Amino acid sequence: MDDDDDVPPLLVAVDTDDGDTPVATLTSELKNTSVTKVPITIITGYLGAGKTTLLNYILTARHGKKIAVILNEFGNSTDIEKSLTVNQGDSSVEQWLELSNGCICCSVKDSGVNAIESLMDKQGTFDYILLETTGLADPGNLAPVFWVDEGLGSTIYLDGIVTLVDAKNVLRCLEEPTGEEAVRHDGEERHGHGPGPLMSTAHLQISHADVIVINKADLVTADELTAVLDRLKSINALAQTHITDHSKIPELEGLVLDLHAYDRVDAASLDFASKGHSHLDPAIGTITLDLPALTDCKLKQLDAWLRSVLWAHDLPGHTPVADWEVHRIKGRLAFLDGRRKMLQGVREIFEIFDGENSNGPSDVGKIVVIGRNVGNAEIAQAFQTSLSGALVAG
Ligand SMILES: Nc1nc2c(ncn2[C@@H]2O[C@H](COP(=O)(O)OP(=O)(O)OP(=O)(O)O)[C@@H](O)[C@H]2O)c(=O)[nH]1
Ligand SMILES: [Zn+2]
């Protein structure tokens with residue numbers, strides 16, 4: 001591990017021609033065009049994978065953005081009464097989350113967003129927010145905090161989750177969850193896990209990713225790299241992958257920044273995910289469900305099915321065969337009349353929104369699911385049977 005971790009990355013206003021443009025000027029300029037929402041990218045990855053290296057790379061690259069870096073302390077849902085720290089130039093501002101009583105995920109959601117908004121009030125708006133999690137954070141707990149409903153009028157939006165993996169160590173991390181992790185992720189809080197393949201923090205960080213940066217490529221052979229890539233694709237076939245040395249991404253925009261991962265669904269990634277990949281990983285996998293052409297009535301049935309699966313953890317019409325949990329869900333919903341909608345979800349939260357209309361009758365609907373044990377043949381079959389049943393009936 002590096003010893004520079006105690007020195008948090010700095011917020012720098014890069015590429016302004018005179019490096020010391022006062023913050024006040026930037027703020028008033030931005031306030032005039034105040035409808036612009038600020039994207040937030042979650043940067044996650046196992047201990048020592050290269051998160052800080054990536055942050056520093058982004059901060060010094062030419063992009064002209066005024067970036068705020070937030071170090072997240074509430075990676076685990078049991079440990080959220082913490083603060084957000086924003087580093088700006090030489091100063092560091094800490095904002096405590098004020099948790100109200102009531103449902104813990106609602107209060108985290110409100111306070112996480114409020115904390116950032118109040119930081120922006122105090123410090124001036126940023127163009128972009130990078131949120132670095134601790135190495136042991138589960139991004140699935142964090143994403144819903146920042147994936148805010150349009151209607152709530154938030155000034156920030158979740159742009160994507162970028163997961164760094166260490167090419168040299170990731171396979172070992174996936175094989176050997178530490179005792180503590182095995183207990184943490186195999187026990188309590190989530191839907192009564194039965195026995196099953198162990199899931200590590202590395203699994204959770206990979207399964208929730210929109211982009212996976214396979215870092216430290218300089219430390220492995222080409223064959224080792226291929227093995228890593230195969231394993232990662234078997235866990236999360238939806239994420240884009242990039243191979244790097246010292247987290248150097250050639251083009252930041254579209255590859256790690258400005259992904260719009262939650263307001264668009266990329267058709268090519270859905271098609272790739274449904275090509276059928278090996279089930280190399282026993283704990284987490286990606287499956288594709290066939291979806292018949294929809295009508296408005298069937299859309300309602302699909303919505304009810306999603307609520308049942310994601311909220312009640314119940315596969316309608318099916319006795320649970322073994323334990324499972326859904327981390328990500330994405331889909332293309334094709335309608336008989338040529339309309340097309342997209343589905344996007346993280347854990348319990350999902351959204352269906354309009355997509356571009358199809359070009360013709362060959363358009364097929366599909367839903368890609370990433371989650372714990374869903375790659376198990378019996379469970380994959382149960383998902384498909386339950387979905388098909390829900391859409392035929394009624
Ligand atoms: N050989 C090699 N070393 C790298 C690479 N990327 C980062 N490192 C080194 O790996 C160490 C850890 O990198 P960091 O960027 O601090 O990793 P991190 O994910 O922020 O680590 P934690 O915050 O401790 O979880 C540092 O010493 C880096 O210089 C790489 O591509 N190749
Ligand atoms: Zn670090």
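Each ligand, and each atom within it, is numbered from 1 in the order the structure gives. These figures come from a predicted structure and were not determined experimentally. The figures that follow rest on heavy atoms only: side chains count, while hydrogens, waters and symmetry mates do not.
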| Can you list the atoms of ligand 1 that are under 4.0 Å from a heavy atom of Glu132? | 20 (O)
| Distance-only, no hydrogens or angles: does the Glu325 side chain make a donor-acceptor pair with backbone N or O of Val374 under 3.5 Å? | no
| field | Check against side chain to side chain contact (heavy atoms under 4.5 Å, CB included), Leu302 and Leu333 | value | CA-CA 10 Å; Leu302 174 65; Leu333 320 183; 3.8 Å; yes
| What's the shortest heavy-atom distance between Val162 and Val256, and which atoms? | CG2-O, 3.8 Å
| Has Leu164 got any heavy atom lying under 4.0 angstrom from an atom of ligand 1? | no
| said: Within the structure, is a non-hydrogen atom of Gly48 found at a distance of less than 4.0 Å from ligand 1? | reply: yes
| task | Find all atoms of ligand 1 within a distance of less than 4.0 Å from any non-hydrogen atom belonging to Thr53, and give their numbers and elements. | result | 7 (C), 13 (O), 14 (P), 15 (O), 28 (C)
| Do the charged groups of Lys168 and Asp166 touch, with an N to O distance under 4.0 Å? | no
| said: Tell me if the centroids of the rings in Trp324 and Phe383 come within less than 6.0 Å of each other. | reply: yes
| remark: Nearest non-hydrogen contact to atom 17 (O) of ligand 1 from the set Gly135, Ala217, Gly50, Ala167 belongs to Gly50
| query | Which ligand 1 atoms does Asn215 reach within 4.0 Å, using its non-hydrogen atoms? | reply | 5 (C), 6 (N), 7 (C), 31 (O)
| query | Is any N or O atom of Leu54, backbone or side chain, closer than 3.5 Å to an N or O atom of ligand 1? | reply | no
| task | Could you tell me whether Lys300 and Asp296 have a side-chain N and a carboxylate O separated by less than 4.0 Å? | result | no
| Leu219-ligand 1 polar pair, N/O distance under 3.5 Å | no
| message | Is there a polar contact between ligand 1 and Ser247, counting only N or O atoms under 3.5 Å apart? | response | no
| Do Asn215 side-chain atoms and His246 backbone N/O form a donor-acceptor pair below 3.5 Å? | yes
